[in-house]
Amino acid sequence: MCKENKIMVVSMIVNFFLATVKVIAGIIGSSVALVADGMHSFSDLATDVFAILGTFLSHKPADDKHPFGHGKLEYLTSMGIGLIILFVGFSIIFGNVNNKIIVPSRLVIIISVFTIIIKFLLSQYVIKKGYEYNNNVLIASGKESNSDVISSIVVLASAILMQFATTIPIFKYADITATIIVGIFIIKIAIEVLRENISTIIGEQETDSKYLEEIKNIIVEDTKICSIDKLNLIKYGSSFEVIGEVGMDENLTLKESHDVIEQIEQKLKKFDERNRYITIHVNPYNQKETSK
């Protein structure tokens with residue numbers, strides 16, 4: 001099992017536990033908002049399954065039909081996560097229309113505090129690992145988990161306000177309002193996940209200026225490289241396709257130019273294993289023409 005999937009298994013176990021606790025406590029404590037929050041956690045569980053599947057498929061090696069590997073399956077899986085989140089969000093809102101107003105018990109407050117702490121720690125862990133491994137599936141799953149933290153805070157606030165519903169009548173609508181807010185927040189997260197992955201799947205390039213500068217420095221380490229005319233890093237899941245053009249002395253032999261480029265490719269792969277597919281074109285460099 002790869003390191004990304006190990007993280008997702010941990011997330012699945014925690015989400016299953018939290019979802020079960022929320023739904024049971026919501027039913028016992030008469031809180032529609034907490035039940036909705038529990039369904040939100042169950043959606044986390046479903047997205048974790050998609051995440052494991054996507055990570056597994058994206059690590060399939062390149063073949064004749066897919067020379068750049070299957071890394072973009074990671075983005076398709078993330079989009080699947082986004083669609084699930086979107087469905088859950090709308091379901092929660094429209095399922096809340098005819099609910100009766102019932103003051104939840106204090107059990108809801110206790111459970112909400114407990115789940116907020118656990119879920120916050122989990123979401124930060126998954127997001128951190130997602131950026132560490134440059135894995136969009138982990139990042140999407142972590143953000144969805146982070147939305148669960150905020151929705152639980154909304155549920156907690158509503159449960160507290162509902163305790164004063166007898167003295168302040170308007171507070172009796174807190175549970176229903178919280179449920180709608182949870183649904184809206186879930187929809188917002190879904191749209192963000194979909195937007196980010198649609199942008200990447202159509203061919204997004206790396207824009208981290210610091211990282212690009214490091215790549216350029218590796219290329220110009222060889223004194224035979226006179227200029228960098230073009231450099232793009234296209235994202236393929238957890239891998240990059242490096243496309244570049246460099247200027248070299250037009251008097252160098254073909255073999256000399258080839259050897260220089262081959263050494264640069266090896267350095268780039270050693271620097272970062274994500275630089276898996278590298279194509280560098282050589283342009284003739286004429287100092288006299290450049291100085292004009």
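Just so you know, these numbers come straight off a predicted model, no measurement behind them.
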For Tyr211, look at atom OH and say whether over 12 heavy atoms of other residues, nucleotides or ligands are found less than 6.0 Å away.
yes
With sequence neighbours left out, the residues meeting side-chain hydrogen bond (donor to acceptor under 3.5 Å, both in side chains) with Ser152 are Lys22, Asp37
Smallest heavy-atom separation, Leu231 atom then Lys216 atom, equals CD2-CG, 3.5 Å
When every non-hydrogen atom of Ile127 is compared with those of Ile139, the smallest separation belongs to CG1-O, 4.4 Å
| message | A quick test of your reading: do over 12 heavy atoms of other residues, nucleotides or ligands sit less than 6.0 Å from CZ of Phe271? | response | yes
On a heavy-atom basis, the closest approach of Val126 and Ile7 is CG2-CG2, 4.2 Å
Derivation and outcome, side chain to side chain contact (heavy atoms under 4.5 Å, CB included), residues Lys230 and Asn232: CA-CA 7 Å; Lys230 175 184 177 181; Asn232 298 114; 3.0 Å; yes
Kindly check if the number of other-residue, nucleotide or ligand heavy atoms within 6.0 Å of CD1 (Ile168) is above 12? yes
Value for CD1 (Ile225) from CD1 (Ile218), rounded to nearest 0.5 Å, stands at 13.0 Å
**Asked** So, do Phe17 and Ile118 sit near enough that their side-chain heavy atoms are less than 4.5 Å apart?
**Response** no
*Would you say Val242 and Thr279 make side-chain contact, with heavy atoms under 4.5 Å?*
no
Worksheet entry | Side chain proximity check, Asp249 to Lys224, heavy atoms < 4.5 angstrom | no
Margin query: Taking the side chain as everything from C-beta on, heavy atoms only, tell me whether Met248 gets closer than 4.5 Å to Val246.
Written below: yes
Side-chain donor-acceptor pairs under 3.5 Å in residues 180-191, sequence neighbours left out?
{"from": "Lys188", "atom 1": "NZ", "to": "Glu192", "atom 2": "OE2", "distance (Å)": "2.6"}

Note: Ala25 and Val108 closest approach over all heavy atoms is O-CG2, 4.3 Å
When rounded to the nearest 0.5 Å, the distance separating NZ of Lys129 from OG of Ser11 is 14.0 Å
One should read off an interatomic distance between Ser257 OG and Glu262 CD, to the nearest 0.5 angstrom, of 12.5 Å
Check your understanding: Quick one: does Thr166's side chain get under 4.5 Å of Phe171's, heavy atoms only?
Key -> no
Review point. Is the shortest side-chain N to carboxylate O distance from Glu213 to Lys210 below 4.0 Å?
Key: no
Can you confirm whether the side chains of Tyr285 and Asp229 place a donor and an acceptor under 3.5 Å from each other?
no
Atom CZ of residue position Phe120 - does it have more than 12 heavy atoms of other residues, nucleotides or ligands inside 6.0 Å?
no
For Leu34 and Gly26 the tightest heavy-atom approach is CD2-N, 3.6 Å
Close side-chain approach of Lys267 to Ile264, heavy-atom, < 4.5 Å
no
* With side chain to side chain contact (heavy atoms under 4.5 Å, CB included) as the test, would you mind laying out the steps for Val154 and Thr177 before giving the verdict? => CA-CA 9 Å; Val154 172; Thr177 304; over 6 Å; no
The side-chain hydrogen bond (donor to acceptor under 3.5 Å, both in side chains) partners of Asp222 (sequence neighbours excluded) come to none
- Query: Transitively linked via ILVMFWY side-chain contacts under 4.5 Å: Phe87 with Phe90?
  - Reply: no
### Message
Please say yes or no: joined through hydrophobic side-chain contacts below 4.5 Å, possibly via intermediate residues, are Ile170 and Leu161 part of one cluster?
### Response
yes
Residues Asn283 and His281: closest non-hydrogen pair is OD1-CD2, 3.0 Å
Between the CG atom in Leu18 and the CD1 atom in Ile116, the distance rounded to the nearest 0.5 Å is 11.0 Å
task: Report yes if some heavy atom in the side chain of Ile110 is under 4.5 Å from a heavy atom in the side chain of Phe114; otherwise report no.
output: no
message: Would you say that Ile280 contacts Glu245 through its side chain, given a criterion of any heavy-atom pair below 4.5 Å between the two side chains?
response: no
